[in-house]
Structures are given as structure tokens and as C-alpha cells.
J.: 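Quick one: this structure, given as C-alpha cells, is what I'll be asking you about.
Owing to the predicted nature of the structure, the values given are computational and were not obtained by experimental measurement. Sequence lines set the chain letters: A, B, ... in the order given, protein chains first and strands last, and positions in each chain run from 1.
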Amino acid sequence: MALRFQNSLSRRKEVFEPLEAGKAGLYTCGPTIYNFAHIGNFRTYIFEDLLKRYLRFRGYEVTHVMNLTDVEDKIIRTCRETGQPLAAITGRYARAFFEDCETLGIDPADHYPAATEHIDDMVAIIRALREKGHTYEANGSIYFRLKSFPGYGRLSHMDLEQLAEGASGRVDSDEYETEDARDFALWKAWSEEDGEVYWETELGKGRPGWHIECSAMAMKYLGPSFDIHCGGVDNMFPHHENEIAQSECATGKPYVKYWLHSAHLVVENKKMSKSLGNFHTLRDLVEKGIDPLAIRWVLLATHYRQPNNFAFDAIDAANQSLSRIRDFRLRLAEVKGPGDDLAEACEACETAFTEALDDDLNISGGLAAVFDFIRDVNKRVDGGLIGADGAKNALALLDKLDSVTGVFAPPTEAEAPQDVIDRVMARQQARRDKDFARADALRDELLAEGWIIEDTPDGPRVKRT
RNA sequence: GGCGACAUGGCCAAAUUGGUAAGGCAGCGGCCUGCAAAGCCGCGUAUUCCCGGUUCGAGUCCGGGUGUCGCCUCCA
């Protein structure tokens, strides 16, 4: 079967056929860097990480662009409230964002363009739109005239007329300088509360609207038409819809071929909010001692279009699943001698994994294939049927699939220190002496210090709890 | 109010564009073990939210209802 994705444009699964064979241009909406990112944000970034890793696994040469929104209303407000310059705030949270990504094992993008470094590119697009009659000015700001783009609403499947009705009851049109409440700003004239945040350009003194940055930076690094654009569902309207409008009107070319949107994350089945006390940044969770890999597992293991429920029970389950995989690797590492090379089993696992992921990134099915493989191989290890070659092949397969999931890596803990090893050996001697009381006491003692002893036919195995 | 998504065993979560319910976690029994742990085997009667309909056959399609969530106000 071919690789296929659910395209938000058509609301159907479509076979992935990139604009250029063998390559994939990918743009993902990045963070607004005025605060620490929360796990809901990372749900989306993990989905995008899986997408990119899988595209590479399938042999595509991926160019991944993720923007950093570093000028925007909330950031400016923070500047005003704290008296700090814009760059101080965005610099700090950009660093935090990259640290968090590393903590979760998210592969870096090829480009992280920042909005403030691409003002000229935005101005160029706005100029093109103005020349083609898609804009108008009001009080120094420049707006996009929605009615000038007949295709508006194609992505979110919104009806323009209904939008107007919906807005009329809830939006005070007097607050808007626009001709039409649905029009959006391309360029915002400077106002006093913007403080030091402005650019002097041919469009006047001001700053860009939010939507224009993504169009400008996506097209700069990926071209006027590219393959995949991702983001959370909440960005579908109006952000992505506006991006399509301004981009296609400016270039006259189709903007994006495949739109993929991830569903939201809820925490303990409730919407994440500070008032409910279930609002978590990644840092909060790590400080509580939760293994980042378990967090990655939970964020990864639910299909991206399914609402993901982040619960501490789920973290526990994820930890168990992870240790099953780690234990499996430990067992394999101890296998010696001749026996089955597992070539068939490995191939069957990889095929099942690939077929699952090909189907719109069905990661649950992919993980199931791996667990089936683990059970199958464990059974044969029990039977003494596996050879060193087989163990090596199985480990190589896990490594290969880990390039997609990022959760199959071997444990990184250091070797047990000498005093632990000494006591393990002392326990062995006690067992040989049939002094089981002493043996068990030593085992309990080590367990309390975080070391688990497992007796195997080849002697004791020591691992971290 | 408008548009849309989702609703599967105790928990998490799949099901190839309809064919008779993966996988993980937890639990119970067994094998193995001095005892454990790990591993393996077995075990859940799942009204697949409810009510209708189409079909030889529906978790999968259609209609209605209920619930949760999202968007419609620059929140992934």
C-alpha cells in the first residue's frame, strides 16, 4: 500500500504524491515564544516529529521549516508589562523551546525562521497583494479583502455568508476599521502601546499581522507551492485559511498540497486550564520526576487526529511499556551462539509496522506490530531457539524503527557501581550456601537503593528500577 | 446560534474506503524460580454511547438523539 494522509482540504485520505519525486517540503506552525510551551503544544510537535521521521524512513528527502513567532500582541503586552525589550523575552523562550524539544527527543527542523528576521519578505508579499488589488488601507493599517479571493473557506469548509452572520451577533463592528469584519490585517500601523516594537517600511511604520509571517517564511524556504503544512486544528481557521488566501493571491499558484491537522490534548479527560489545575508545561512534569520518554510515549501513541487524553495513569502504563521494550533489549544482548537469525520475523514486523504507518500514521497499529514481534521473539528466546545473529538482527530492527518512534532506544543508565556488584555477588554466594534469608535481605537492600536483581540461567542481571 | 470532530472491555487505544472486534497497561490462574523478577501460556459474556434505517452482513454507511471537545474573538 502507498503512503496516504488525511488531507484537511478534501477530508479524505489521499495517496501522498509530492510535487517533486522523492522530496517532501514540510511547514509546521511553531511556537509563539513568550512563555514555556505546554504539553498540548507538544502533542502537535510530536505528531509533526513522527510525520517527518516517517517520511524520512520511507526515503523522502524532507525539508522541514518551523517558524518562531517572535512579534505578536501577547509578546508586546509582555514587553509592556515587564519593561523588557522584545528580543530579551523571545530569546529566553526560544532557548527554552529548543531545550524542551531536545528533552522530548524531537528532531530539529532544518530551518527555524523568526518573524522579525523576515519583515522584508512579508513586505514583498503585501506589496504584491496591493498591486493586484487584494488590499485596502485604513488608518495606516493594511487589510486583506476577503471577497477578492473566491476560494476562501475551502480548507475549513466554512461558508463566508454564515461566517458573516455568526460574527454579526458577537462582534461589534465599530471596533473594526475594516470594510468587512472578516477581513484580516496584513500590516498593523504602529500605535503607542506597541512601544519600541515597529519597523519603518515602505508600508509605513508598524508591524506585520500574524498570518503573513507563515506565508512569507514558508514560501521563502519551500517555494510558492509545497507539499505539507501542519498545525493544530485550532489553526485551521482562520490562520491557515488566511495563509492560503494571501499566498495564492500573491503568487497565483496553489499554496499547499496536503494539510494535516492534529486534534487537541485533554488532561484527565478535561480541557487543560490553569483554573482546573491541570495545566502542565513540559518542565512541570519533568520536575515532578516523570520520565520524558514516558511523556513522549503518551503524546505519540494516540493517533494524531484523535483527541489525546493525558493522564497520569497513562504515564504509568507508558513506563511499563517502555520497560518491556528495555527488558527485551537486555535479554537479546545476552543471547549467544548459533540459532535462528530471525530474518523472517524481522521482515514481518517491519512490513506490518510500515503498513500501519502508511495509513495516515497509524502509530497504534505500528506499536502493536512491534509488541507482537517482541512476544514472538521472547517465546523463542525462552525456547533457546535464537542465535546471536537473530538477537543482533532484532536489535537492529528496533534501532531502525526507533528512527521513527524515538521510544525504542536502549536504556542509557550507567553500569552498576562496584559496591552494588559486590553485594550482588555476595547474594549469589549466599544463595549457593542456601542462606536465602541473607540473599533476600541483600536483594531487598539493593531494591531500596534502586537496583533490581533478576536471576537468569546465566547468572544475575542488575538493572535500574 | 452556525460549522465541524469524536464517543470501542477497569484504563489507554487500533480495526486494510461493510464481512463479523489488534496491541499496551492493570487484574486473575498456571509454567519457570529456593522465593521473586523477567518471560511464556491461559482467562474478560466488550449490547463497539442510545434509537431507527440501508444490507446476506455495520464499530465501519444513512437519519435522529445524547455527551465531550474544537472553531466561529491572532489558543497546538
J.: Report which part of the nucleic acid Lys13(A) touches: base, sugar-phosphate, or nothing (heavy-atom distance under 4.0 Å, all strands).
T.: nothing
J.: Whole angstrom is fine here: how far is it from CG in Leu146(A) over to C1' in C72(B)?
T.: 13 Å
J.: Name the nucleic acid region contacted by Gly40(A), choosing base, sugar-phosphate or nothing; use a 4.0 angstrom heavy-atom cut-off, strictly under.
T.: base
J.: Atom CG of Asp359(A) and atom C1' of U60(B): how far apart are they, to the nearest Å?
T.: 14 Å
J.: Between Asp402(A) and Arg53(A) (salt bridge meaning N to carboxylate O under 4.0 Å), is one present in this structure?
T.: no
J.: To the nearest angstrom, how far is Arg326(A) atom CZ from G39(B) atom C1'?
T.: 18 Å
J.: Which listed nucleotide (C71(B), A76(B), C11(B)) is nearest to the side chain of Phe237(A)?
T.: C71(B)
J.: What is the pairing partner of U73(B), taking Watson-Crick or G-U wobble pairs with both distances under 3.5 Å in any strand?
T.: none
J.: How many Å lie between CZ on Arg43(A) and C1' on A76(B), as a whole number?
T.: 10 Å
J.: Of the nucleotides A22(B), C25(B), A76(B), which has the atom closest to the Ser364(A) side chain?
T.: A22(B)
J.: Over all strands shown, is Ile363(A) touching base, sugar-phosphate only, or nothing at heavy-atom distances under 4.0 angstrom?
T.: nothing
J.: Do Asp327(A) side-chain and G39(B) base share a donor-acceptor contact under 3.5 Å?
T.: no
J.: Should the pair His240(A) and His261(A) be assigned to parallel (<30°), tilted (30 to 60°) or perpendicular (>60°) ring geometry?
T.: tilted
J.: Please name the pair of heavy atoms, one in Phe42(A) and one in Cys101(A), separated by the smallest distance, quoted to 0.1 Å.
T.: CE2-SG, 4.2 Å
J.: Kindly point out which of A13(B), A76(B), G24(B) is positioned nearest to the side chain of Phe371(A)?
T.: G24(B)
J.: According to the Watson-Crick and G-U wobble definitions, with both distances under 3.5 Å, which nucleotide is paired to G57(B)?
T.: none
J.: When you get a sec, tell me which of A22(B), A76(B), C75(B) is the closest nucleotide to the side chain of Met272(A)?
T.: A76(B)
J.: Does any nucleotide pair with C49(B) by Watson-Crick or G-U wobble geometry, both distances under 3.5 Å, and what is it?
T.: G65(B)
J.: Counting side-chain heavy atoms from C-beta on, which of A26(B), G4(B), A76(B) comes nearest to Leu265(A)?
T.: A76(B)
J.: Under 4.0 Å between a side-chain N/O of Thr302(A) and OP1 or OP2 of A13(B), yes or no?
T.: yes
J.: May I ask you to evaluate whether Lys379(A) reaches the phosphate of C41(B), defined as a side-chain N or O under 4.0 Å from OP1 or OP2?
T.: yes
J.: Take atom CG of Asn242(A) and atom P of C72(B), then tell me their distance rounded to the nearest Å.
T.: 11 Å
J.: Of the candidate nucleotides A38(B), C6(B), A22(B), which contains the atom at the shortest distance from the side chain of Gln306(A)?
T.: C6(B)
J.: Donor-acceptor pair, Asp433(A) side chain versus Asp435(A) backbone, under 3.5 Å?
T.: no
J.: Base, sugar-phosphate, or nothing: which does His239(A) touch, judged by heavy atoms less than 4.0 Å apart?
T.: nothing
J.: I'd like the P distance from G1(B) over to G65(B), given in whole Å.
T.: 12 Å
J.: Watson-Crick or G-U wobble partner for A14(B), using a 3.5 Å limit on both distances?
T.: none
J.: Using the C1' atom on both, measure G44(B) against G10(B) and round to a whole Å.
T.: 10 Å
J.: Report yes if the distance between the aromatic ring centroids of Tyr34(A) and Tyr93(A) is under 6.0 Å, otherwise no.
T.: no
J.: Which whole number of Å gives the distance between the P atom of A21(B) and that of A26(B)?
T.: 26 Å
J.: NA contact type, Ala368(A), heavy-atom cut-off 4.0 Å: base, sugar-phosphate, or nothing?
T.: base
J.: Decide whether a cation-pi geometry holds between Arg464(A) and Trp451(A); the criteria are a distance under 6.0 Å from NZ or CZ to the six-membered ring centre and an angle within 45° of the ring axis.
T.: yes
J.: By nearest nucleotide on RNA chain B, pick out whichever of Arg305(A) and Asp73(A) is the more 5' one.
T.: Arg305(A)
J.: Once you apply a heavy-atom cut-off of 4.0 Å, does Asp234(A) come out as touching a base, just sugar-phosphate, or nothing?
T.: base
J.: For the pair His134(A) and Phe144(A), name the ring-plane relationship: parallel under 30°, tilted 30 to 60°, perpendicular over 60°.
T.: parallel
J.: Verify whether the ring centers belonging to Phe184(A) and His211(A) lie closer than 6.0 Å.
T.: yes
J.: Which sits closer to the 5' end of RNA chain B, Ser323(A) or Asp455(A), going by the nucleotide each is nearest to?
T.: Asp455(A)
J.: Can you tell which of A13(B), G24(B), C71(B) lies closest to the side chain of Arg375(A)?
T.: G24(B)
J.: Mind telling me whether Phe373(A) and Phe328(A) have parallel, tilted or perpendicular rings, with 30° and 60° as the class edges?
T.: perpendicular
J.: If you only use heavy atoms from C-beta on, which nucleotide in C40(B), A76(B), A14(B) is closest to the side chain of Asn362(A)?
T.: A14(B)
J.: When you check the phosphate oxygens OP1 and OP2 of G39(B), does a side-chain N or O of Arg324(A) lie under 4.0 Å from one of them?
T.: yes
J.: I need the CD-P distance between Glu72(A) and C75(B), as an integer number of Å.
T.: 6 Å
J.: Have a look at Asp316(A) and say if it touches a base, only the backbone sugar-phosphate, or nothing, with a 4.0 Å heavy-atom cut-off.
T.: nothing
J.: Nearest to the side chain of Arg427(A), which nucleotide is it out of G39(B), G70(B), G34(B)?
T.: G34(B)
J.: Can you tell me which nucleotide in G39(B), C71(B), G34(B) comes closest to the side chain of Arg331(A)?
T.: G39(B)
J.: Heavy atoms only, 4.0 Å cut-off, all strands: where does His211(A) land among base, sugar-phosphate and nothing?
T.: nothing
J.: Base, sugar-phosphate, or nothing: which does Lys271(A) touch, judged by heavy atoms less than 4.0 Å apart?
T.: sugar-phosphate
J.: Between A38(B) atom C1' and Asn378(A) atom CG, what is the distance in whole Å?
T.: 9 Å
J.: P atom, C6(B) versus C56(B): distance in rounded Å?
T.: 28 Å
J.: Counting only Watson-Crick or G-U wobble pairs whose two distances fall under 3.5 Å, which nucleotide matches G39(B)?
T.: C31(B)
J.: Using the C1' atom as the reference point in each nucleotide, state the distance between A37(B) and C31(B) in Å, no decimals.
T.: 15 Å
J.: With the stacking rule set at 5.5 Å and 30°, tell me whether His264(A) counts as stacking on A76(B).
T.: yes
J.: Quick check: any donor-acceptor pair below 3.5 Å linking the side-chain of Arg443(A) to the base of A36(B)?
T.: yes
J.: With rounding to whole Å, what would you report as the distance between A36(B) and G30(B) at their P atoms?
T.: 11 Å
J.: Taking C40(B) as the reference, what is the distance to G70(B) when you measure between their P atoms (whole Å, please)?
T.: 40 Å
J.: Using a distance-only criterion (donor-acceptor N/O pair, under 3.5 Å, no hydrogens), is the base of C40(B) paired with the side chain of Asp376(A)?
T.: no
J.: G39(B) C1' sits how many Å from Asp382(A) CG, rounded?
T.: 5 Å
J.: In whole Å, measure the gap between the C1' atoms of G24(B) and U8(B) for me.
T.: 15 Å
J.: At their closest point, which heavy atom of Ala391(A) faces which heavy atom of Val335(A), and how far apart are they?
T.: CB-CB, 3.8 Å
